[in-house]
2 protein chains.
Amino acid sequence: MSAPRPEFARKSGSAGQRPRSRIQKRNRQIILDAALEVFSTHGFRGATLDQIALEAGLSKPNLLYYFDNKDTIHRDLLTQLLDTWLDPLRMLDPRGDPQTEIMAYMRRKLEMSRAYPRESRLFANEILQGAPRIEPFIRAELRPLVDAKAQLLTDWARAGRIAPIDPYHLIFSIWALTQHYADFAAQIGMIRGDGHDPLDGAEPFLEALYTRLLAP
Amino acid sequence: MSAPRPEFARKSGSAGQRPRSRIQKRNRQIILDAALEVFSTHGFRGATLDQIALEAGLSKPNLLYYFDNKDTIHRDLLTQLLDTWLDPLRMLDPRGDPQTEIMAYMRRKLEMSRAYPRESRLFANEILQGAPRIEPFIRAELRPLVDAKAQLLTDWARAGRIAPIDPYHLIFSIWALTQHYADFAAQIGMIRGDGHDPLDGAEPFLEALYTRLLAP
DNA sequence: ATCAAGTTTGACCATCCAGTCAAGAAGCTT
DNA sequence: AAGCTTCTTGACTGGATGGTCAAACTTGAT
């Protein structure tokens, strides 16, 4: 007879249910990993279930046994990503030394570009397309967080502890500079030579840049 | 009977043939403009000819009367874009004042993000996907240009006319910071409020940033 | 006005692709 | 080993999409 979906996968309104069996856990992870690979380079519409299935080493119907549809896979990936995407900014500590804190934030973001370039590209793809799927998240979570941290930066600037620069542009600059190494890795690789690590030398450069920018 | 393609459109190995009639010129431009809109937000695979035709106010077969296929439209757009994409960097003048020259380069790039955000996103999409269509261009044109200008920056640094910073990362930083305002405009708009111009305040910020970074 | 060339389109086709289904294979439990 | 559940897949469907074609319409030169 036709196999019913396992309970946990029936309706995954929000991600985070844990698979029951070991096979479930393993295959869901394999699929998400393959999907991340494909979605991050081709975008949502450009990716096909066949590609993902091939990448995962599973059959397409098998994919759809674990996930209701293409959209669900994509949403689960984004949800998983967004969960941790804001942590570096959240960690910006009002009690710390301003320059140290901002520098540490930049380093955490750079480390994320190094460790999770595919996630960065998945995010970039989503934003390029107008952020249709994560607009609510950006408005409800990211925006207030950025507003709060911008206020903190303003306070620091007012107190003369960092240079008086626009806090929003400061944050955007950190995003732009760090994510660039993941999002444009293909271009950087072609320019610097293919054996070259795109991030080589990035950290000292960014340290110099922000040291000079932030000095009061 | 079946209409043969007009001469100029027969085989457009490289873009740049000029249309014969006024209608040709007008409609090709309308189509390219519509295609830019659609490709830049949905990527190559994500865009459909129907979408482009709708955006252009033409029928799909009519689109294909002016362009051989979807790929040709995309290639023509990229070719047209790349033609002017490197001009700002090419203009970096060895005889000028280093800081003024670099600052002017940054301003030219920022101006391109303001004037041609769709082109920037088209380019970003292409790179995100691994630059499959413009890899030859990057290797044959962009790379040598960047190498040459990096050498120039190194010379300036050696002469103590700018701070001793990695020239490649300096160039990448200008790309990242300026293009970010076009590529991530959707995100910036949601954070700063939708009536807000994403580029508002960007120029003074970047001026401060590069002034401080470049000072010897 | 006439005619040929250039332009436009409705109808159509082949392929691709997300998603279904029923049957079979593999695991688990006793 | 039996019997139940979970997992896997070949074959299929319906709709979207890139592209074709022949007929009709428009334009411009004479």
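Labels below follow one simple rule: chain letters A, B, ... track the order of the sequence lines, proteins then strands, and each chain is numbered from 1. What's counted below: heavy atoms across the whole structure, side chains too, no hydrogens, waters or symmetry copies.
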> So which of B:I165, B:L170, B:I171, B:D166 actually passes side-chain contact (heavy atoms from CB on, under 4.5 Å) with B:Y168?
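The residue from B:I165, B:L170, B:I171, B:D166 that satisfies side-chain contact (heavy atoms from CB on, under 4.5 Å) with B:Y168 turns out to be B:D166.
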> Provide, to the nearest angstrom, the distance between the CG atom belonging to B:N69 and the C1' atom belonging to C:dT15.
15 Å
> Is the NZ or CZ atom of B:R114 both under 6.0 Å from the centre of the six-membered ring of B:Y181 and within 45° of that ring's axis?
no
> So, does A:Q24 get its side chain near the phosphate of D:dT6, meaning an N or O under 4.0 Å from OP1 or OP2?
no
> Pick base, sugar-phosphate or nothing for B:A53, based on heavy-atom distances below 4.0 Å to the nucleic acid.
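No contact.
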> Check the distance between D:dT20's P and B:D68's CG and give it to me in whole angstrom.
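My rounded result for the distance is 8 Å.
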> Name the closest nucleotide to the A:K60 side chain, picking from C:dT20, C:dA18, D:dT17.
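Output: C:dA18.
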> Nearest to the side chain of B:R45 - C:dT8, C:dG6, C:dC17?
C:dC17
> Got a sec, which residues hit ring pair (Phe, Tyr, Trp, His ring centres under 6.0 Å) with B:H42, two or more places apart in sequence or on another chain?
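B:H42: no ring pair (Phe, Tyr, Trp, His ring centres under 6.0 Å) contacts found.
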> Find the distance B:R26:CZ to D:dT27:P and express it as a whole number of Å.
10 Å
> Starting at atom CD1 of A:I31, determine the distance to atom P of C:dG19, rounded to an integer number of angstrom.
14 Å
> Specify the separation, in whole Å, of atom NZ of B:K25 and atom P of C:dT7.
14 Å
> Measure the acute angle between the ring planes of A:F172 and A:W175, then classify it against the limits of 30° and 60° as parallel, tilted or perpendicular.
tilted
> Report yes if at least one side-chain N or O of B:Y65 is closer than 4.0 Å to OP1 or OP2 of C:dT7; otherwise report no.
yes
> Which angle, to the nearest 10 degrees, lies between the helix axes at the two ends of the helix from C:dA1-D:dT30 to C:dT30-D:dA1, each defined by five pairs?
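The two end axes of the helix from C:dA1-D:dT30 to C:dT30-D:dA1 meet at 20°.
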> Is A:R45 close enough and on-axis enough to B:F44, meaning under 6.0 Å and within 45°, for cation-pi?
no
> Show, in sequence, the C-alpha distance, side-chain angles and deciding distance for B:T72 and B:N69, and conclude whether the side chain to side chain donor-acceptor pair (under 3.5 Å) test is met.
CA-CA 5 Å; B:T72 300; B:N69 49 44; 2.8 Å; yes
> Roughly how many Å is it from CD1 in B:I30 to C1' in C:dT8, rounded to a whole number?
14 Å
> Checking contacts here: which listed nucleotide (C:dC17, C:dG19, D:dT17) is nearest the side-chain heavy atoms of B:T48?
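The nucleotide sitting nearest to the side chain is D:dT17.
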> CD1 of B:I102 to NZ of B:K149: how many Å apart, nearest 0.5 Å?
11.5 Å
> Just the rounded figure in Å: distance from C1' of D:dG19 to CZ of B:F67.
16 Å
> So if I take every side-chain heavy atom of B:P61 and compare against D:dA11, D:dT20, C:dA18, which nucleotide ends up nearest?
D:dT20
> Below the 4.0 Å mark, does C:dG10 have OP1 or OP2 next to a side-chain nitrogen or oxygen of B:N62?
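No, outside the criterion.
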> So does A:N27 get a side-chain nitrogen or oxygen closer than 4.0 Å to the phosphate oxygens (OP1/OP2) of D:dT8?
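Yes.
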> Rounded to the nearest angstrom, tell me the gap between atom OH in B:Y66 and atom P in D:dG19.
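Spelled out: OH on B:Y66 to P on D:dG19 is 18 Å.
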